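For reference, the structure is listed below as C-alpha coordinates.
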Amino acid sequence: MFDVSDILKHDTEVLNKEILLDIDKIEYDYNKITFKRPLVFKGNFHNINKILTVEGKVDICFDVNCYLCNEIFEYSQTIDIKEVFRQSPEEDEYEILSGKIDLNKAIIDNIILQLPTQLVCREDCKGICQVCGKNKNIEKCDCNYTKIDPRLEKLKDLL
(Lines give C-alpha, C1' and ligand atoms only; values in the text may rest on other atoms or scores of the structure.)
Protein backbone atom coordinates (compact mmCIF):
# COMPACT_ATOMS: atom_id res chain seq x y z
CA MET A 1 0.00 0.00 0.00
CA PHE A 2 1.27 3.43 -0.96
CA ASP A 3 0.40 6.42 1.25
CA VAL A 4 -1.24 9.26 -0.72
CA SER A 5 -2.81 11.12 2.22
CA ASP A 6 -0.49 14.15 1.76
CA ILE A 7 -1.37 14.43 -1.93
CA LEU A 8 -5.10 14.24 -1.16
CA LYS A 9 -4.84 17.25 1.19
CA HIS A 10 -3.90 19.61 -1.65
CA ASP A 11 -6.31 20.01 -4.57
CA THR A 12 -4.71 20.01 -8.04
CA GLU A 13 -1.52 18.72 -6.46
CA VAL A 14 0.83 16.94 -8.86
CA LEU A 15 3.58 14.84 -7.40
CA ASN A 16 6.30 13.22 -9.52
CA LYS A 17 7.59 10.02 -7.98
CA GLU A 18 9.90 7.12 -8.64
CA ILE A 19 8.80 4.14 -6.57
CA LEU A 20 10.53 0.78 -6.15
CA LEU A 21 7.70 -1.75 -6.29
CA ASP A 22 7.41 -4.84 -4.15
CA ILE A 23 6.63 -7.12 -7.11
CA ASP A 24 9.08 -9.85 -8.06
CA LYS A 25 6.70 -12.24 -9.81
CA ILE A 26 3.18 -12.46 -11.20
CA GLU A 27 1.01 -15.55 -11.44
CA TYR A 28 -2.14 -15.48 -13.56
CA ASP A 29 -4.12 -18.21 -15.31
CA TYR A 30 -1.44 -20.85 -15.91
CA ASN A 31 1.38 -18.36 -16.39
CA LYS A 32 4.13 -17.46 -13.98
CA ILE A 33 6.45 -14.53 -14.64
CA THR A 34 9.54 -13.92 -12.52
CA PHE A 35 11.11 -10.54 -13.20
CA LYS A 36 14.86 -10.32 -13.76
CA ARG A 37 15.23 -6.93 -12.10
CA PRO A 38 13.21 -4.87 -9.62
CA LEU A 39 10.20 -3.02 -11.01
CA VAL A 40 10.29 0.75 -10.69
CA PHE A 41 7.27 2.99 -11.31
CA LYS A 42 8.18 6.41 -12.73
CA GLY A 43 5.32 8.83 -13.02
CA ASN A 44 3.06 11.31 -11.34
CA PHE A 45 0.10 11.47 -9.02
CA HIS A 46 -2.50 14.14 -9.79
CA ASN A 47 -5.23 15.05 -7.27
CA ILE A 48 -8.42 16.82 -8.37
CA ASN A 49 -11.23 16.89 -5.80
CA LYS A 50 -9.90 13.78 -4.04
CA ILE A 51 -9.85 11.84 -7.30
CA LEU A 52 -6.31 10.63 -7.80
CA THR A 53 -4.99 9.94 -11.30
CA VAL A 54 -1.78 7.92 -11.42
CA GLU A 55 0.11 8.05 -14.70
CA GLY A 56 3.54 6.70 -15.55
CA LYS A 57 5.63 3.83 -16.82
CA VAL A 58 7.13 0.57 -15.59
CA ASP A 59 9.89 -1.30 -17.43
CA ILE A 60 9.57 -5.08 -17.20
CA CYS A 61 12.05 -7.80 -18.13
CA PHE A 62 11.74 -11.56 -17.73
CA ASP A 63 12.75 -14.84 -19.36
CA VAL A 64 10.05 -16.75 -21.21
CA ASN A 65 9.72 -19.63 -23.65
CA CYS A 66 8.95 -18.62 -27.23
CA TYR A 67 5.43 -19.59 -28.25
CA LEU A 68 6.64 -20.89 -31.64
CA CYS A 69 10.04 -22.50 -31.08
CA ASN A 70 10.00 -23.02 -27.28
CA GLU A 71 13.47 -21.49 -26.85
CA ILE A 72 13.97 -19.32 -23.75
CA PHE A 73 14.51 -15.64 -24.50
CA GLU A 74 14.54 -12.37 -22.58
CA TYR A 75 11.38 -10.30 -23.03
CA SER A 76 11.36 -6.58 -22.25
CA GLN A 77 8.58 -4.04 -22.50
CA THR A 78 7.64 -0.63 -21.12
CA ILE A 79 4.16 -0.73 -19.59
CA ASP A 80 2.15 2.50 -19.64
CA ILE A 81 0.08 3.07 -16.53
CA LYS A 82 -2.91 5.40 -16.24
CA GLU A 83 -5.35 4.60 -13.46
CA VAL A 84 -7.90 6.46 -11.35
CA PHE A 85 -8.25 6.01 -7.60
CA ARG A 86 -11.10 7.35 -5.46
CA GLN A 87 -12.73 6.59 -2.14
CA SER A 88 -15.91 5.33 -3.81
CA PRO A 89 -14.57 3.81 -7.01
CA GLU A 90 -16.62 3.37 -10.12
CA GLU A 91 -16.13 0.47 -12.52
CA ASP A 92 -12.53 0.18 -13.77
CA GLU A 93 -11.22 2.35 -10.92
CA TYR A 94 -9.30 1.50 -7.78
CA GLU A 95 -10.13 2.38 -4.20
CA ILE A 96 -8.41 4.78 -1.82
CA LEU A 97 -8.53 3.18 1.63
CA SER A 98 -7.59 5.36 4.61
CA GLY A 99 -5.36 7.55 2.46
CA LYS A 100 -3.56 4.60 0.88
CA ILE A 101 -3.72 2.97 -2.55
CA ASP A 102 -2.76 -0.50 -3.74
CA LEU A 103 -0.41 0.63 -6.51
CA ASN A 104 0.97 -2.90 -6.93
CA LYS A 105 -2.45 -4.30 -7.88
CA ALA A 106 -3.01 -1.56 -10.47
CA ILE A 107 0.41 -2.18 -11.99
CA ILE A 108 0.01 -5.97 -12.03
CA ASP A 109 -3.37 -5.56 -13.76
CA ASN A 110 -1.79 -3.28 -16.38
CA ILE A 111 1.10 -5.67 -17.00
CA ILE A 112 -1.26 -8.62 -17.54
CA LEU A 113 -3.52 -6.61 -19.85
CA GLN A 114 -0.65 -5.22 -21.96
CA LEU A 115 1.35 -8.42 -22.45
CA PRO A 116 0.90 -10.10 -25.84
CA THR A 117 -0.97 -13.39 -25.65
CA GLN A 118 1.79 -15.15 -27.59
CA LEU A 119 5.35 -14.10 -26.79
CA VAL A 120 7.79 -14.91 -29.61
CA CYS A 121 11.57 -14.62 -29.61
CA ARG A 122 11.60 -12.58 -32.82
CA GLU A 123 9.18 -11.50 -35.51
CA ASP A 124 10.48 -13.96 -38.08
CA CYS A 125 10.59 -17.01 -35.77
CA LYS A 126 10.07 -20.14 -37.89
CA GLY A 127 8.99 -22.35 -35.00
CA ILE A 128 9.33 -26.10 -34.66
CA CYS A 129 8.79 -28.58 -37.50
CA GLN A 130 5.54 -30.44 -36.95
CA VAL A 131 7.00 -33.64 -38.38
CA CYS A 132 10.56 -34.01 -37.04
CA GLY A 133 10.49 -31.54 -34.13
CA LYS A 134 13.58 -29.57 -35.18
CA ASN A 135 13.83 -25.90 -34.35
CA LYS A 136 13.65 -24.39 -37.85
CA ASN A 137 15.54 -21.28 -36.67
CA ILE A 138 18.60 -23.46 -36.00
CA GLU A 139 18.31 -26.43 -38.36
CA LYS A 140 16.81 -26.79 -41.78
CA CYS A 141 14.55 -29.74 -42.33
CA ASP A 142 13.20 -31.21 -45.54
CA CYS A 143 9.96 -32.51 -44.10
CA ASN A 144 6.86 -32.19 -46.20
CA TYR A 145 3.88 -31.73 -43.97
CA THR A 146 1.43 -30.05 -46.27
CA LYS A 147 -1.98 -31.22 -45.18
CA ILE A 148 -4.81 -30.96 -47.62
CA ASP A 149 -8.38 -30.66 -46.48
CA PRO A 150 -9.96 -34.00 -47.49
CA ARG A 151 -12.91 -32.14 -48.99
CA LEU A 152 -10.53 -30.41 -51.43
CA GLU A 153 -8.21 -33.34 -52.16
CA LYS A 154 -9.84 -34.06 -55.54
CA LEU A 155 -8.83 -30.58 -56.73
CA LYS A 156 -5.17 -31.64 -56.42
CA ASP A 157 -5.73 -34.04 -59.35
CA LEU A 158 -6.69 -31.11 -61.57
CA LEU A 159 -3.21 -29.59 -61.20
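Everything numeric here is computed off the predicted structure, so don't read it as measured data. All heavy atoms count here, side chains included; hydrogens, waters and symmetry mates do not.
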Could you grab the distance from atom [atom1] of [X] to atom [atom2] of [Y], nearest 0.5 Å is fine?
{"X": "C129", "Y": "K134", "atom1": "SG", "atom2": "NZ", "answer": "8.0 Å"}
{"X": "I26", "Y": "I107", "atom1": "CD1", "atom2": "CD1", "answer": "9.5 Å"}
{"X": "C121", "Y": "K126", "atom1": "SG", "atom2": "NZ", "answer": "11.0 Å"}
{"X": "E95", "Y": "S88", "atom1": "CD", "atom2": "OG", "answer": "7.5 Å"}
{"X": "K105", "Y": "M1", "atom1": "NZ", "atom2": "CE", "answer": "12.0 Å"}
{"X": "K50", "Y": "R86", "atom1": "NZ", "atom2": "CZ", "answer": "13.5 Å"}

Do [X] and [Y] make a side-chain contact, defined as non-hydrogen atoms from C-beta onward lying under 4.5 Å apart?
{"X": "F73", "Y": "L119", "result": "yes"}
{"X": "F45", "Y": "N47", "result": "no"}
{"X": "I128", "Y": "L68", "result": "no"}
{"X": "I111", "Y": "L39", "result": "yes"}
{"X": "Y75", "Y": "P116", "result": "yes"}
{"X": "N44", "Y": "K17", "result": "no"}
{"X": "V58", "Y": "T78", "result": "no"}
{"X": "S98", "Y": "K100", "result": "no"}

Look at the side-chain heavy atoms of Ile, Leu, Val, Met, Phe, Trp and Tyr, link any pair under 4.5 Å apart, and say whether [X] and [Y] land in one connected group.
{"X": "Y28", "Y": "I23", "value": "yes"}
{"X": "Y94", "Y": "L52", "value": "yes"}
{"X": "F85", "Y": "I79", "value": "yes"}
{"X": "I81", "Y": "L21", "value": "yes"}
{"X": "I112", "Y": "I33", "value": "yes"}

Measure the acute angle between the ring planes of F62 and F35, then classify it against the limits of 30° and 60° as parallel, tilted or perpendicular.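 If you compare the ring of F62 with that of F35, the planes turn out perpendicular.
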
Using distance alone, with no hydrogens and no angle criterion, decide if N104 and D102 have a side-chain donor and acceptor under 3.5 Å apart.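 No - no donor-acceptor pair under 3.5 Å links their side chains.
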
Using the test side chain to side chain donor-acceptor pair (under 3.5 Å), find all partners of [X] that sit at least two apart in sequence or belong to another chain.
{"X": "D24", "value": "none"}
{"X": "D22", "value": "none"}
{"X": "K57", "value": "D80"}

Is E74 paired with K36 through a side-chain N to carboxylate O contact shorter than 4.0 Å?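 E74 and K36: salt-bridged.
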
With a 3.5 Å distance limit and no angle check, can you tell me whether [X] reaches the backbone of [Y] through a side-chain donor-acceptor pair?
{"X": "N135", "Y": "N137", "result": "yes"}
{"X": "E93", "Y": "E90", "result": "yes"}
{"X": "N65", "Y": "I72", "result": "no"}

Y67 atom OH, neighbour heavy-atom count above 12 within 6.0 Å: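 Not more than 12 within 6.0 Å, no.
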
Shortest non-hydrogen contact between S76 and R37, atoms and distance: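 Scanning both residues completely, I find the closest heavy atoms to be OG-NH2, 4.2 Å.
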
